[in-house]
Amino acid sequence: MSYSVGQVSAFAGVTVRTLHHYDKAGLLSPSERSHAGYRLYSDADLARLQQILFYRELGFSLDEIAAIFKEPQANAVEHLRARQRQLSEEIARLQRLAEVAERAIEVQQTGVSLTPQERFEVFGEITFDLSYATEAEQKWAHSEGQREAMARAAAHTKEDWRRLMGEATAWRTELLAAFDDGEPSNGERAMDLAEEHRLHISRWFTSCPPDMHQRIADDFVADPRAFALVVPPSQQRPGLAAYMCRAVHANAARHAGGPTDSKEHR
């Protein structure tokens with residue numbers, strides 16, 4: 001039995017234009033033509049169209065589908081397995097994003113609502129990069145510390161944020177002074193500043209043992225967005241993030257009773 005383009009379009013739920021495109025791409029050429037020259041599709045053509053739509057639904061490109069059709073036995077299973085892995089990874093990523101969105105909703109519902117003027121008054125130049133926050137949420141999704149930090153941040157009042165940011169500003173002033181004075185990153189002054197930072201996190205967000213503090217400091221060097229939460233770009237100096245990171249590691253070694261690397265300076 002033969003079917004016109006219009007009939008196939010209705011059967012399959014695709015546009016006539018799409019069928020013409022598949023024909024032009026060499027994926028699905030109708031087996032017959034009417035006496036007037038119109039395309040006619042056979043049952044075998046419909047079965048092939050069903051395969052095309054199946055692969056399209058899975059996200060395969062037309063080129064990938066063409067490659068599968070050239071060697072169906074060799075390519076189909078390999079391509080499907082690869083696509084299964086990709087879909088599984090995408091499902092996991094979307095699930096993490098859904099969890100991030102849920103937490104963001106909770107923060108918005110329970111957190112302090114600040115006007116733009118109040119935000120500038122409290123946070124000054126410190127800005128929160130949404131992309132970094134989202135990535136951090138995904139990275140630490142299974143961390144009890146991350147969940148505690150989010151919950152405590154949501155519970156802070158406007159006055160809490162004032163005090164928190166006041167502490168951070170005073171600490172930042174001391175950090176910049178130590179760096180500008182040439183204090184070694186493994187010296188007492190720098191390590192004490194690192195310890196103050198660690199205690200600040202513990203006081204306002206979540207318990208921050210030295211090993212966690214080291215991971216946080218490593219992010220300062222690896223991702224400028226992380227360090228911008230501590231020192232706004234307008235106040236940063238070349239090498240400051242690495243200096244802070246080394247000070248944190250030296251302080252962790254001090255806690256562990258190990259050497260702080262006396263050769264380390266800036």
Side-chain angles (χ1 to χ4, degrees), residues 100 114 116-140 143 145-146 149-150 153 156 161-266:
V100 170
L114 300 178
Q117 292 81 1
E118 289 173 325
R119 288 184 181 277
F120 182 78
E121 178 187 344
V122 172
F123 296 108
E125 293 183 73
I126 297 295
T127 58
F128 295 86
D129 188 306
L130 183 59
S131 64
Y132 175 74
T134 301
E135 289 170 20
E137 272 289 305
Q138 293 186 57
K139 181 178 180 181
W140 305 109
S143 165
Q146 175 72 7
M150 288 289 291
H156 288 340
W161 284 112
R162 286 183 189 278
R163 291 171 54 206
L164 185 163
M165 295 305 295
E167 284 184 14
T169 298
W171 171 85
R172 186 165 59 249
T173 299
E174 292 298 320
L175 173 69
L176 295 173
F179 183 81
D180 291 342
D181 289 346
E183 290 285 340
S185 58
N186 64 337
E188 291 293 323
R189 186 176 173 187
M191 287 192 292
D192 287 347
L193 284 166
E195 178 67 5
E196 284 183 36
H197 183 260
R198 186 182 73 83
L199 294 177
H200 175 83
I201 294 172
S202 296
R203 185 161 51 251
W204 292 104
F205 298 104
T206 185
S207 176
C208 184
D211 61 330
M212 177 188 287
H213 199 209
Q214 287 176 289
R215 292 195 296 272
I216 292 172
D218 289 341
D219 266 357
F220 293 163
V221 177
D223 194 328
R225 298 172 301 175
F227 194 55
L229 295 175
V230 179
V231 180
S234 65
Q235 297 181 33
Q236 291 180 17
R237 281 81 156 146
L240 181 61
Y243 176 84
M244 177 62 185
C245 182
R246 289 194 295 269
V248 167
H249 280 267
N251 184 56
R254 178 172 63 169
H255 273 277
T260 57
D261 190 355
S262 60
K263 295 180 181 180
E264 189 66 64
H265 183 64
R266 289 287 293 269

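Atoms CD and CD, from Glu195 and Glu188 in turn, are 11.5 Å apart once rounded to the nearest 0.5 Å. Note that OG of Ser185 and CE of Met191 are 9.0 Å apart. Values are rounded to the nearest 0.5 Å. For the atom pair SG (Cys245) and CD1 (Ile216), the distance works out to 11.5 Å, reported to the nearest 0.5 Å. Expressed to the nearest 0.5 Å, how far CG of Leu193 lies from OG1 of Thr173 amounts to 10.5 Å.
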Could you please spell out the steps behind the side chain to side chain contact (heavy atoms under 4.5 Å, CB included) verdict for Arg189 and Asp181?
CA-CA 11 Å; Arg189 186 176 173 187; Asp181 289 346; 3.1 Å; yes
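When all heavy atoms of Leu175 and Val231 are compared, the closest pair comes out as CD2-CG2, 4.2 Å. Here the shortest heavy-atom pairing between Pro224 and Ala222 reads CD-O, 4.0 Å. Ala252 approaches Gln214 most closely through the heavy-atom pair CB-CD, 3.5 Å. Heavy-atom minimum distance, Ala226 versus Asp219: CB-O, 3.7 Å.
A donor-acceptor pair shorter than 3.5 Å cannot be found between the side chains of Asn186 and His249.
Looking at heavy atoms from C-beta onward, Asp192 lies in side-chain contact with Arg254 at the 4.5 angstrom threshold. For the pair Arg225 and Leu229, the minimum side-chain heavy-atom distance is 4.5 Å or more. Between His255 and Arg198 there is a side-chain heavy-atom pair separated by less than 4.5 Å. Residues Leu240 and Phe227 are in side-chain contact: their nearest non-hydrogen atoms beyond the backbone lie under 4.5 Å apart.
With His197 as the fixed residue, the ring-ring contact (aromatic ring centres under 6.0 Å, His included) test singles out one of Phe205, Trp171, Trp204: Trp171.
Between the side chain of Ser202 and the backbone N or O of Cys208, at least one donor-acceptor pair lies under 3.5 Å. The backbone N or O of Ala190 sits nowhere less than 3.5 Å from a side-chain atom of Tyr243 that would complete a donor-acceptor pair.
Using a 4.0 Å cut-off between charged nitrogen and carboxylate oxygen, Glu167 and Arg203 count as a salt-bridge pair.
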